[in-house]
Amino acid sequence: MSYLFIFILLLPFKLIGKLFYKKTGRNLMIQTAKIGDFVNVTPLLAHLKHSDVLISKTVLPLAKNDETIDTIFLIEEHKKSLWGKFRLAFKLMNRYENVYLLQPNSTNLFFAAACNAANKQFLSTYTRRWYHGLFYWTASGAVEHSKDQLTVDDYLKLADRNLTWRDSPKHATFPLRKPKAYPTELDKQNVIKIGLSISAGNKSKTIPPIIWKKIFKTLANLNCNYYIFGPKNEQVWLDDLYREIDEQDNIISLIGKLPLEDVPFAISKMDFYIASDSGNVYIADAVGVPIILIYGPCCIAEQRPLGEVLLLGNKKHEKSYIFAAPYFFDSPREEMFALSDENLLEIYQFISNSVETNNSKLENSKYLE
């Protein structure tokens, strides 16, 4: 609520600034969440073609390699002090013609409301507070988002109410950035390359090792290599996995070996990706890799991969939402991520059928040559 009082202090300067406002044609997109959420706003970035962004430094490596993004503002550099808030507010105030607010927390609402843009479109969610009313009063329009609506659709509707996710593709970097050097293991031939995220930013959304053990056993007669993706601090999760299954030659750890800007290219080398609702799932979706999503407590009606995907979970455990994500649940992870024999068969068939189809296409192309 402190942002409300700060905005009231700013209001006289905003009104004076409005007297000097001129349309600039520039766009500002505000979304300060993490990796998966950033990838899910890229359809809007692609539709707008050129935008400035207010984002979290977590996704800076992706944003820096995105040709749809011009100027980058990092929320962490401005929200820690009163002076920092005012400095950014004045910088943004008369700079834009269009402002799109995709993550309407109090901080972001303050900066969006500070803008004198001719067109300001705000997302309104189920976490909206009564004192946010003054901020929304400054908007030109709002898109009401509920738990059963796709975030990607509602993000796009901020720019055009008729758009859906089918009208504009996702990307992780645009164009896809190819690093000068990358692990040679990614180029291994004659194996099924399966990327894994064995943890998620929210510990409660991390698939337990016993579930991975069942998946590996199910796929044992296929020629698979498993590539473990993650930052250095996720080594503890790999250690937990090894305590359950012991180290295996076909498990290749990439933990701590890839900077974030190289991850999209590395994932694009995979044949499949298996994970819970984590950032890398949406990167895999953006680069066209088939996905097995074990979604646990997450609401897939609100946000999920939209390409070739196998969704596995139980709706009774769906208690986590994009704008209200708890860190504790009343069920153990082993129960939320449990896989039935039928689920395991679905995983096997999803991979084996796709491999057979691809092999058949390859043989046919050789025959045609």
(request) Run through the side-chain heavy atoms of Ile, Leu, Val, Met, Phe, Trp and Tyr, join any pair under 4.5 Å, and report what else lands in Tyr327's cluster. (result) Phe328
(request) Apply the test side chain to side chain donor-acceptor pair (under 3.5 Å) to residues Thr68 and Lys49: give CA-CA distance (whole Å), side-chain angles for both, the deciding distance (0.1 Å), then the verdict. (result) CA-CA 5 Å; Thr68 68; Lys49 295 185 172 57; over 6 Å; no
Can a salt bridge be assigned to the pair [X] and [Y] using a cut-off of 4.0 Å between side-chain N and carboxylate O?
X      : Y      : result
Arg243 : Asp240 : yes
Lys188 : Glu185 : no
Lys213 : Glu244 : yes
Asp52  : Arg95  : yes

State whether the side chain of [X] and the backbone N or O of [Y] hold a donor-acceptor pair below 3.5 Å, judged by distance alone.
X      : Y      : result
Asn40  : Gly36  : yes
Asp154 : Leu123 : no
Asn98  : Lys120 : no
Thr138 : Phe135 : yes
Thr42  : Leu45  : no
His317 : Gly313 : no
Lys214 : Ile210 : no
Asp153 : Trp165 : yes
Lys14  : Cys115 : yes
Glu76  : Lys57  : yes

Checking [Y] against [X]: is there a side-chain donor and acceptor pair closer than 3.5 Å?
X      : Y      : value
Asp70  : Ser51  : no
Glu97  : Thr24  : no
Thr184 : Asp187 : no
Asn119 : Tyr96  : no
Thr125 : Tyr321 : no

Are [Y] and [X] connected in a single hydrophobic cluster, I mean Ile/Leu/Val/Met/Phe/Trp/Tyr linked by side-chain heavy atoms less than 4.5 Å apart?
X      : Y      : result
Val39  : Val41  : yes
Phe122 : Val53  : no
Leu176 : Leu260 : yes
Ile6   : Phe90  : yes
Leu92  : Leu11  : yes

(message) Tyr242: which residues meet the ring pair (Phe, Tyr, Trp, His ring centres under 6.0 Å) condition with it, sequence neighbours left out?
(response) none
Are [X] and [Y] packed together at the side-chain level, in the sense that at least one heavy-atom pair is separated by less than 4.5 angstrom?
X      : Y      : value
Asn27  : His50  : no
Glu308 : Ile291 : no
Leu312 : Ile347 : yes
Thr173 : Asp66  : no
Leu219 : Ile194 : yes
Phe350 : Phe272 : yes
His78  : Lys85  : no
Arg304 : Tyr295 : no

(message) Quick one, Phe229 with Ile267, criterion side-chain contact (heavy atoms from CB on, under 4.5 Å). Give me CA distance, side-chain angles, the key distance, then yes/no.
(response) CA-CA 9 Å; Phe229 287 80; Ile267 290 179; 3.7 Å; yes
(request) Determine, using ring centers only, whether His145 and Phe323 are less than 6.0 Å apart. (result) yes
(request) For Val99 and Gln121, run side-chain contact (heavy atoms from CB on, under 4.5 Å): C-alpha distance rounded to whole Å, both residues' side-chain angles, the deciding distance at 0.1 Å, then the answer. (result) CA-CA 6 Å; Val99 172; Gln121 300 293 326; over 6 Å; no
(request) For the pair Glu144 and Ser124, evaluate side chain to side chain donor-acceptor pair (under 3.5 Å) and give the outcome as yes or no after the intermediate values. (result) CA-CA 5 Å; Glu144 297 292 334; Ser124 178; 3.3 Å; yes
(request) Measure the OG1-CG distance between Thr151 and Leu102 for me, rounded to the nearest 0.5 Å. (result) 9.5 Å
(message) Would you compute the distance between atom CE of Met336 and atom CD of Glu334 and round it to the nearest 0.5 angstrom?
(response) 8.5 Å
At their closest point, which heavy atom of [X] faces which heavy atom of [Y], and how far apart are they?
X      : Y      : value
Ile211 : Ile207 : CB-CG2, 3.6 Å
Ile72  : Ile55  : CG2-CD1, 3.7 Å
Thr218 : Tyr348 : O-CD1, 3.4 Å
Phe265 : Lys178 : CE1-CG, 3.7 Å
Ser268 : Val289 : CA-CG2, 4.1 Å
Phe337 : Ser276 : CE2-CB, 3.8 Å

(message) Before you tell me yes or no, could you show the steps for Asn280 and Ser278 under side chain to side chain donor-acceptor pair (under 3.5 Å), namely the whole-Å CA-CA distance, both residues' side-chain angles and the distance that decides it to 0.1 Å?
(response) CA-CA 6 Å; Asn280 281 358; Ser278 59; over 6 Å; no
(request) Determine, stepwise, if the pair Ile292 / Ile351 fulfils side-chain contact (heavy atoms from CB on, under 4.5 Å). (result) CA-CA 9 Å; Ile292 297 169; Ile351 292 175; 4.0 Å; yes
(message) Tell me whether Tyr3 at atom OH has more than 12 heavy atoms from other residues, nucleotides or ligands lying less than 6.0 Å away.
(response) yes
(request) Evaluate whether atom CG of Asn221 has more than 12 neighbouring non-hydrogen atoms of other residues, nucleotides or ligands under 6.0 angstrom away. (result) yes
(message) Against Tyr282, only a single residue in Val287, Asp37, Asp277 fulfils side-chain contact (heavy atoms from CB on, under 4.5 Å); can you say which?
(response) Asp277
(request) Mind running side chain to side chain donor-acceptor pair (under 3.5 Å) on Gln149 and Ser146 for me, showing each step along the way? (result) CA-CA 6 Å; Gln149 293 173 220; Ser146 64; 2.8 Å; yes
(request) Just say parallel, tilted or perpendicular for the rings of Phe216 and Trp212, cut-offs at 30° and 60°. (result) parallel
(request) List the steps, then state whether side-chain contact (heavy atoms from CB on, under 4.5 Å) holds for His132 with Ser106. (result) CA-CA 7 Å; His132 290 164; Ser106 295; 3.0 Å; yes
(request) Answer yes or no on whether Arg128 is positioned over the face of Tyr136, meaning its NZ or CZ is under 6.0 Å from the six-membered ring centre and within 45° of the axis. (result) yes
